[in-house]
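Remarks on the structure that follows.
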Amino acid sequence: MFDKILIANRGEIALRVLRACKELGISTVAVHSTADADAMHVRLADESVCIGPPPSKDSYLNVPALLAACEITGADAVHPGYGFLSENARFAEILADHNLHFIGPKAEHIRLMGDKIEAKKTARRLGIPVVPGSDGAVSPDDDAMAIAREIGFPVLVKAAAGGGGRGMKVAHSADDLKLALSTASNEAKSAFGDASVYLEKYLQKPRHIEIQVLGDGRGGAIHLGERDCSLQRRHQKVWEEGPSPVLTAEARARIGGICAKAMQDMKYLGVGTIEFLFEDGEFYFIEMNTRIQVEHPVTEMITDIDLVLEQIRIAAGGELSATQDQIAIIGHAIECRVNAENPQTFRPSPGRISQYHPPGGLGVRIDSAVYQGYVIPPYYDSLVGKLIVHGKTRAECLMRLRRALDEMVVEGIETTLPLFRALVREPAIIDGDYHIHWLEQYLAGQPPG
Ligand code: MV4
């Protein structure tokens with residue numbers, strides 16, 4: 001096992017990793033920018049190192065500074081959290097070159113899944129169902145029109161280097177295709193430096209359902225069920241829940257089994273998330289994330305598996321803590337991402353938290369690094385904290401969530417709490433009857449607050 005882990009992140013996820021390290025008896029090193037000198041992860045770690053000025057590129061993304069911090073403190077492993085360097089294959093390789101362990105998947109798998117075309121080819125080869133589309137990149141002039149006609153309109157033009165919805169354009173008919181191709185390609189070129197695009201059948205009202213997987217790197221792999229992340233705004237997840245309100249145990253076992261088998265075949269190491277669009281009872285692979293995700297607590301609450309602890313144990317060469325038949329989905333969990341934003345305009349609202357009272361009670365979990373008097377800096381994401389609620393059934397979970405939201409106090413800044421207090425009282429949400437465009441349509445019609 002590792003002796004000392006350097007946590008190359010900030011905020012709630014740095015704290016989350018610290019907690020796992022504490023339970024395993026591993027010493028911790030926090031790194032921070034000058035803007036985060038008073039942050040909770042710095043206070044709770046055994047040691048801390050300042051790695052640069054506020055902008056992420058000069059601090060949390062500063063690889064030489066992180067290597068120096070490892071050298072100074074004698075850390076033997078690095079946990080990247082999410083965002084920042086978590087899906088940077090080069091970073092994983094550089095750490096290895098310095099005899100440091102990267103707590104995450106193999107660099108080759110991070111790189112493979114970072115290329116959306118290669119990821120999709122790999123998924124198909126491994127037996128994962130994919131969205132019908134071009135087999136690879138399409139060139140604007142030659143094959144695009146023929147392929148689009150074969151797929152059938154509407155088609156979606158996607159950037160090979162994309163993700164997060166950038167460089168995506170819908171073509172509703174053959175007339176739209178030329179413009180969609182050039183717009184998506186130009187956007188991709190300027191955003192990612194790679195103009196290549198591919199085509200997919202456009203799914204109109206799917207749900208976003210993702211399967212959590214865990215692999216030991218030697219051919220052992222299991223799945224931990226799904227999270228339904230359909231409630232998003234501008235590709236930012238707002239509310240995540242598991243199990244999905246629309247999946248049967250049979251559908252879960254089928255798609256979960258396919259994902260676990262695929263991870264066994266590629267000898268995947270660590271935690272991963274296989275993202276699908278789900279429409280009319282069918283799953284369609286869109287991408288795979290090779291990091292611990294923001295919404296991982298949903299899975300932890302319904303499986304009682306500590307995913308960060310598993311990450312650390314697996315990275316140190318350990319075994320998975322459970323076999324597939326030992327995994328059961330217990331009850332229901334919902335996560336609300338409470339952001340420091342205006343609940344109507346979503347404009348960031350950094351500043352001092354003058355009053356803070358987190359909710360508690362049975363089935364209520366808060367993953368947050370804020371405290372009363374803490375100043376949310378303007379340089380990073382606007383997450384105040386995640387409220388995660390568990391119940392035996394979805395109805396009980398919603399009942400507890402309503403109560404917890406009413407109890408929670410965050411004053412001095414604007415937060416998205418009023419949005420969640422409205423959502424838990426919406427019939428479509430109570431019925432679990434929503435899709436990936438529901439939230440934006442709801443916000444266009446009746447903004448809460
Ligand atoms: C799609 C799609 C419809 N059809 N692919 C958006 C981000 C990227 N990761 C995948 N995305 C989508 N891909 C096909 N073939 C619709 C979306 C999409 C979306 C997906 C998940 C969650 C929210 C979304 C919001 C808008 C569009």
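Atoms within a ligand are numbered from 1 in the order they appear, just like the ligands themselves.
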Inset, instruction - Please say whether more than 12 non-hydrogen atoms of neighbouring residues, nucleotides or ligands are located less than 6.0 Å from CD in E150. - result: no
Legend entry - M263 side, atom CE; L269 side, atom CG - distance, nearest 0.5 Å: 12.0 Å
Legend entry - Basic-acidic side-chain contact under 4.0 Å: R365, E335: no
Inset, instruction - Give me the one residue out of R124, K121, K120 that meets salt bridge (Lys or Arg N to Asp or Glu O under 4.0 Å) with D135. - result: R124
Inset, instruction - Using side chain to side chain donor-acceptor pair (under 3.5 Å) as the criterion, point out the one residue from R313, R19, Q311, R16 that pairs with D306. - result: R16
Legend entry - CD1-CD1 distance between I292 and I13, expressed to the nearest 0.5 angstrom: 6.0 Å
Ligand 1 polar-atom proximity to protein (N/O, under 3.5 Å):
| from | atom 1 | to | atom 2 | distance (Å) |
| --- | --- | --- | --- | --- |
| ligand 1 | 4 (N) | L203 | N | 3.0 |
| ligand 1 | 5 (N) | K158 | NZ | 3.0 |
| ligand 1 | 9 (N) | E287 | OE2 | 2.9 |
| ligand 1 | 13 (N) | K158 | NZ | 3.1 |
| ligand 1 | 15 (N) | E200 | OE1 | 2.9 |
| ligand 1 | 15 (N) | K201 | O | 2.7 |

